[in-house]
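So the structure is just underneath, and the comments pick up after that.
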Amino acid sequence: MEIERDEHGELSTGDIVRQHERNSRRRAIERRKPFDGLQVQPENPYDEPVPHRTPGDENIVKWGFDIHPQVTFWSAGFLLLFIGLTLAFSDTANAFFGDMLAFVGEYFGWFYILVANIFVIAVLVFAFSKYGRIRLGGQYAKPEFTNFAWYAMLISAGMGIGIMFWSVAEPINHYETPSPYFGIEGSTPQSEQAAMVTTYFHWGLHPWAIYALVSLALAFFTFNRGLPLTMRSVFYPLLKERIYGFWGNAIDTISVIATLFGLATSLGFGVQQVSAGSNFLFGSPDTTWFQVALIAAITGLATMSVVAGLDGGVKRVSQLNLYLAALFLGFILIVGPTLFILGFFLDSTGAYLRELPGLALYTEAISGGEWQSGWTIFYWGWWISWAPFVGMFIARVSKGRTVREFVVGVVLVPSLLTFFWMAAFGGSALHTQSEGIRDVASAVNDNVATALFDLLEAFPWTFATSLVGIVLVMSFFVTSSDSGSLVVDHLTSGGKLESPVPQRVFWAVMEGTVAAALLIGGGLQALQSAAVATGLVFACVLLVSIYSMKRAFDNELLFIDARVPAPPTAHLAAQEGARMRAEAEAEELAELEELEAAAQALAEEHGP
C-alpha cells in the first residue's frame with residue numbers, strides 16, 4: 001500500500017501512527033516465546049498483588065500426571081462408564097441414541113433455535129457497540145500471530161473435517177429433500193438454490209457466532225483479568241472466588257464432556273470419510289472395525305503433534321491444511337463449472353441474507369415432522385458442544401485484538417470462506433446432478449461418506465484428487481484431535497501453566513476411544529445424538545455467560561474511559577471498578593442536587 005505524504009513530502013500523522021502499529025505488531029509476533037500448549041502466564045506489569053488462588057493449587061501430581069481431582073475424575077469416570085455401557089450393549093445403544101435424538105428434537109428443538117439466535121445477537125452487540133473498542137490483553141496489547149496464521153488456525157480448528165464431509169453430501173440431500181420451510185418439491189431448480197441457502201444457514205453466522213462467544217469470554221478473562229484459561233473463569237463476575245469450588249468444578253466438567261463428545265462427532269465423520277475414500281481408491285473394507293483401526297492410527301499421528309506443542313505441531317499442521325485446501329479448491333474452480341460456481345456463490349449468498357431471519361426462527365411447530373431434528377437441531381447441538389474446544393483454542397491465539405476486530409475475524413471472514421468452499425464443492429455437485437452429468441445423489445443415498453469421492457469421478461485425475469482429499473481429511477483430523485487434547489488437558493489440570501506430556505497423550509487417546517465407541521454403538525446416528533445431548537446442557541451455561549461478560553465489559557470500559565490501565569487481576573479489577581462506579585454515581589448525584597438547588601433558588605428569586 002502506497003503511503004500518502006503531505007505537500008512537503010512528509011508522512012502524515014495518521015500514516016506514522018499506522019506504520020508504527022504495523023511495526024509494533026510485527027515485532028510482537030517475532031519476539032514472542034514459542035507456545036508449548038494453551039497455557040497462559042498472566043502478566044502483572046503494575047506490581048499489584050495477585051489472587052491468593054493459583055491455577056492447579058489443589059492438583060494431584062503422581063505417575064506422570066498433574067490433574068485437578070474433581071474435574072478429571074468426574075469427567076473420566078463419566079466417559080469410561082459411557083464407553084463401557086456402549087460397547088457392552090451396542091444393540092441397545094443404537095436404539096437409545098435414535099430415541100434420544102428424536103426426544104431432544106421434539107421437546108427442546110425450540111430451545112436450540114432460540115438460544116442460537118441469542119448467541120448471534122449477543123456477539124454482534126458486543127462487536128458493534130461501545131464494547132467493540134475493548135482490547136484483549138489490555139489497551140496496549142499486540143497480536144501474537146500474523147493474520148494468515150491466525151485465520152489458518154481458526155478455520156482448521158473450527159470447521160475442518162466437517163466441511164470436507166458435508167460440502168457435497170448436504171447440498172445434495174437438501175436438493176432432493178428440501179427443508180419444509182421453503183415448501184417446494186425436491187430435485188427442481190428452486191430446490192437447487194434452497195439447498196445451498198440451507199447449507200449456508202447451517203455453516204455460516206450461527207456456528208461461528210457460537211465459537212466467537214465462548215472464545216471472546218475466555219480471552220477476556222484470561223488476558224485482561226489474569227484468570228486461568230478455563231470455562232469457570234468466565235463466571236467470575238457472578239461467582240467471585242466460588243469459581244474455585246463446586247460450581248467451578250461442575251462448569252469445567254461439563255465443558256470437558258461437551259468438548260470430547262463434540263470432537264468425537266467430528267472425528268467419527270472424518271474417519272468414515274477416510275474409510276470410504278480408501279475403499280474407493282484401494283478397495284479396503286469400509287466396515288466399522290476398519291474405521292476403528294483408522295481412528296487408532298490417526299490418533300497416533302495426532303499424539304505426535306500434541307507432544308510437539310502449539311508452535312511445533314498445531315500451527316504447522318494448520319497451515320498445511322490451509323495450503324492443501326487452497327490447492328483442492330483451486331482445482332475444483334479450474335476444472336469444474338467455473339462460471340456457475342462464481343455466479344452461484346453470489347446468488348446463494350444474497351438468498352441466504354434474504355432468507356436468514358425466517359430460517360433463523362423457523363420451527364416445525366405447524367408442519368411437524370423430523371427434518372429439523374436431523375439437521376438444524378443436530379448442527380446447533382454440534383456447534384455448541386464443540387464450542388469449549390474451539391473457543392479455548394481461538395482465545396489462546398487471539399491476544400492483542402479488539403473485540404470488534406476479533407468478531408469480524410472469527411465470524412464474518414470464516415463464514416464467507418466457508419460459503420465459497422460450499423459453493424464450489426456443493427455447487428459443482430448440484431450442477432453435475434441437475435445437468436445429468438453424474439448421479440451424485442445415488443452415491444449420497446447409498447453412503448453419505450462417499451459423496452466427495454463420487455463427485456471427483458466427474459473431473460480429471462480422479463485418483464490423485466481423491467488421494468489429496470483423503471490426506472486433507474486426515475490432516476484436519478490431526479489438527480482437531482491435537483487441539484482438542486490441549487484444550488481438555490488444560491481444563492483437567494485446573495488451568496495450570498504446564499502439564500506433563502503423558503497427560504496430553506491420555507486425553508488424545510480418550511478422544512479416539514469415545515469416537516470409536518460411538519461408531520460401534522450406532523454410527524452416524526450415535527454421533528448426532530451425542531452432540532445434541534451434550535450441547536443442550538452446555539447451551540444453558542453459555543446463556544448465563546452472556547450476562548457475566550456484559551458485567552465484565554462494563555467494568556473494563558470504566559478504566560478505558562478514565563484512561564487508566566485496568567488492574568491485572570479479576571479481584572482488584574472488580575474492587576476498583578466498584579469504587580469508580582460509586583464515585584461516578586456520587587458525582588452524578590451531586591450535580592443533580594446542584595441543579596435542583598439552582599432551580600429552587602431561581603424560583604424563589606422570581607417568586608410566584
Task: Candidate pair Leu491 and Met392, rule side-chain contact (heavy atoms from CB on, under 4.5 Å), full reasoning - done: CA-CA 10 Å; Leu491 286 168; Met392 193 171 295; 3.5 Å; yes

Using ring centroids (six-membered ring only for Trp), state whether [Y] and [X] fall under 6.0 Å.
X	Y	answer
Phe78	Trp74	no
Phe328	Phe425	yes
Tyr107	Phe103	yes

Straight-line distance of [X] [atom1] to [Y] [atom2], nearest 0.5 Å:
X	Y	atom1	atom2	value
Arg354	Thr349	CZ	OG1	11.0 Å
Leu543	Phe538	CG	CZ	11.0 Å
Met422	Glu170	CE	CD	6.5 Å
Leu412	Leu205	CG	CG	6.5 Å
Ser348	Glu192	OG	CD	8.5 Å
Ile546	Leu216	CD1	CG	11.0 Å

With the side chain counted from C-beta on, respond yes when [X] and [Y] share a heavy-atom pair under 4.5 Å apart, and no when they do not.
X	Y	result
Phe182	Thr198	yes
Ser187	Tyr175	yes
Tyr362	Ile113	no
Trp507	Leu260	yes
Leu329	Phe420	yes
Phe201	Val197	no
Phe345	Tyr200	yes
Met196	Asp347	no

Specify the closest pair of heavy atoms between [X] and [Y], including all atoms of both residues, with the distance to one decimal.
X	Y	value
Ile332	Ala424	CG2-O, 3.7 Å
Phe406	Ala212	CE2-O, 3.6 Å
Thr513	Val509	OG1-O, 2.8 Å
Met510	Ile83	SD-CD1, 4.0 Å
Leu218	Thr230	CD2-O, 3.4 Å
Asn117	Ala360	ND2-O, 2.7 Å

Task: For Ile377, the option from Tyr112, Trp382, Phe108, Phe111 that meets side-chain contact (heavy atoms from CB on, under 4.5 Å) - done: Tyr112

Open item on the list: Name the residue from Leu416, Val123, Val120, Ile210 that meets the side-chain contact (heavy atoms from CB on, under 4.5 Å) definition with Val411.
Closed with: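 The residue from Leu416, Val123, Val120, Ile210 that satisfies side-chain contact (heavy atoms from CB on, under 4.5 Å) with Val411 turns out to be Val123.
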
- [ ] Tell me, yes or no, whether the heavy-atom count around Leu339 atom CG, taken from other residues, nucleotides or ligands under 6.0 Å, exceeds 12.
- [x]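 Counting neighbours around CG of Leu339, 12 or fewer heavy atoms of other residues, nucleotides or ligands fall under 6.0 Å, so no.
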
Open item on the list: Does Phe128 have more than 12 heavy atoms from other residues, nucleotides or ligands lying within 6.0 Å of its CZ?
Closed with: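 Correct, the count exceeds 12.
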
Look only at the side chain of [X] and the backbone of [Y], and say whether a donor-acceptor pair between them is shorter than 3.5 Å.
X	Y	answer
Ser548	Val234	yes
Asn173	Ala169	yes
Ser167	Gly426	no
Thr462	Leu456	yes
Ser275	Gln272	no
Trp383	His202	yes
Arg404	Ser129	yes
Tyr379	Trp203	no
Thr432	Ser428	yes
Gln372	Pro180	no

Open item on the list: side-chain contact (heavy atoms from CB on, under 4.5 Å), that's the test. Do Phe119 and Ile384 meet it? Break it down for me.
Closed with: CA-CA 10 Å; Phe119 297 153; Ile384 291 171; 4.0 Å; yes

Checking [Y] against [X]: is there a side-chain donor and acceptor pair closer than 3.5 Å?
X	Y	answer
His174	Ser191	no
Trp386	Tyr211	no
Ser179	Trp375	no

- [ ] Assign the ring pair His206 / Trp380 to parallel, tilted or perpendicular, where the plane angle (0 to 90°) is split at 30° and 60°.
- [x]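 Plane angle under 30°, so parallel.
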
TODO: Specify whether Phe340 and His431 have parallel, tilted or perpendicular ring planes, treating 30° as the upper limit for parallel and 60° as the lower limit for perpendicular.
DONE: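 Phe340 vs His431 ring planes: tilted.
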
Task: Val335 and Thr465: CA distance, side-chain angles, deciding distance, side-chain contact (heavy atoms from CB on, under 4.5 Å) verdict - done: CA-CA 12 Å; Val335 305; Thr465 54; over 6 Å; no

Open item on the list: Before you tell me yes or no, could you show the steps for Val214 and Met231 under side-chain contact (heavy atoms from CB on, under 4.5 Å), namely the whole-Å CA-CA distance, both residues' side-chain angles and the distance that decides it to 0.1 Å?
Closed with: CA-CA 8 Å; Val214 177; Met231 281 304 302; 3.9 Å; yes

